[in-house]
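Note that the coordinates shown come from a computational prediction; the quantities given were computed from them, not determined experimentally. Worth knowing before you read on, the calculation uses all heavy atoms, side chains too, and leaves out hydrogens, waters and symmetry mates.
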Amino acid sequence: MRIGVIAIGKAGRGPEAQLADDYVRRATAAGRALGLGPVELIDLDPKKPGKGPEAELILAAAEGAHLIACDERGRTYGSRAFSDHIAGLRDQGERRLVFAIGGADGLDRSVLDAARSTLAFGPQTWPHALARAMLAEQVYRAVTIMAGSPYHRD
């Protein structure tokens, strides 16, 4: 199952972007034997401002995928439950899983409605660069949990 992290805006070249890239590389390498990957970061840059144009790009990029919307009002998961959720989607035959991170004003209602579920990193608002890095790390952690690696300690 391919895994994508779709985010509005450019990640840039800062340490947060490097961290996200590192976790994506690790998740891709560790996930191969588990039927996961590649894991990819997909940055979308709308030509028009606003949630509507952002939603159009997100929905087009997520077409045909199992979409999970990142939203502060979404469901929170412990790392093991998150791993179990991803494994369950893979085992149910999902071919592509996509997480969507919205722009500065969050996700448009159309993306939330199209999503099969939501994911929150708590009630705080996080900068997009950190959200990408945290999500990439959790995907990597999920893969290592599935693989039985000692990276995650309960």
Side-chain angles (χ1 to χ4, degrees), residues 1-9 11 15-44 51 54-55 57-103 105-154:
M1 177 175 70
R2 293 173 33 218
I3 300 174
V5 175
I6 296 174
I8 296 296
E16 299 90 347
Q18 292 173 358
L19 185 62
D21 287 340
D22 181 52
Y23 281 120
V24 162
R25 279 192 297 277
R26 290 185 196 188
T28 295
R32 280 189 195 109
L34 302 169
L36 296 170
V39 179
E40 61 182 338
L41 296 170
I42 304 162
D43 293 334
L44 302 175
K51 290 164 79 171
E54 292 172 359
L57 289 176
I58 290 170
L59 293 172
E63 188 173 345
H66 182 102
L67 176 61
I68 297 177
C70 296
D71 183 77
E72 65 188 15
R73 294 167 299 280
R75 180 176 175 191
T76 58
Y77 290 85
S79 294
R80 196 163 290 281
F82 184 66
S83 178
D84 290 346
H85 185 62
I86 292 173
L89 292 172
R90 177 202 58 196
D91 295 348
Q92 292 166 17
E94 290 290 343
R95 299 189 61 151
R96 185 169 177 237
L97 169 61
V98 170
F99 297 91
I101 300 171
D105 294 323
L107 291 167
D108 187 73
R109 170 66 26 206
S110 63
V111 176
L112 295 170
D113 290 344
R116 304 278 291 279
S117 61
T118 56
L119 171 67
F121 290 117
Q124 303 88 3
T125 300
W126 294 96
H128 291 81
L130 284 178
R132 282 181 186 95
M134 291 189 310
L135 184 52
E137 191 281 336
Q138 283 299 297
V139 169
Y140 171 65
R141 184 176 296 271
V143 169
T144 63
I145 288 170
M146 286 180 236
S149 164
Y151 179 75
H152 179 75
R153 295 176 180 90
D154 289 315

Tell me the closest heavy-atom pair linking G74 and T118, and the distance in Å.
CA-OG1, 3.1 Å

Less than 4.5 Å apart, side chain to side chain, heavy atoms only: is that true for L135 and F121?
yes

Does any part of the side chain of I3, heavy atoms only, come nearer than 4.5 Å to the side chain of T28, both counted from C-beta?
no

Take a 6.0 Å sphere around CD of E40 and say whether it holds more than 12 heavy atoms from other residues, nucleotides or ligands.
yes

Correct closest heavy-atom pair for A100 and L107 would be O-CD1, 3.8 Å

Heavy-atom side-chain proximity of P38 to R2 below 4.5 angstrom:
yes

Side chain to side chain, I58 and I8, heavy atoms closer than 4.5 Å:
yes

If you define the side chain from C-beta out and look only at heavy atoms, does anything of Y23 sit under 4.5 Å from V39?
no

Sub-4.5 Å side-chain heavy-atom contact between H85 and I68:
yes

Tell me if a side-chain donor or acceptor on H128 pairs with a main-chain N or O of G9 at a distance below 3.5 Å.
no

For residues V143 and A27, report the shortest heavy-atom separation together with the two atoms involved.
CG1-O, 4.1 Å

Salt bridge D84-R80, side-chain N to carboxylate O under 4.0 Å:
no

Flag the pair R132 / D43 as yes when at least one side-chain heavy-atom distance between them is below 4.5 Å, and no otherwise.
yes

Aromatic rings Y140 and Y151: how do their planes relate, parallel, tilted or perpendicular, breaks at 30° and 60°?
perpendicular

Got a list of side-chain donor-acceptor pairs under 3.5 Å for residues 88-98, not counting sequence neighbours?
residue	atom	partner	partner atom	Å
R90	NH1	L34	O	2.8
R96	NH1	A61	O	3.0
R96	NH2	A61	O	3.0

Is there side-chain contact between S79 and Q138, with at least one heavy-atom pair below 4.5 Å?
yes

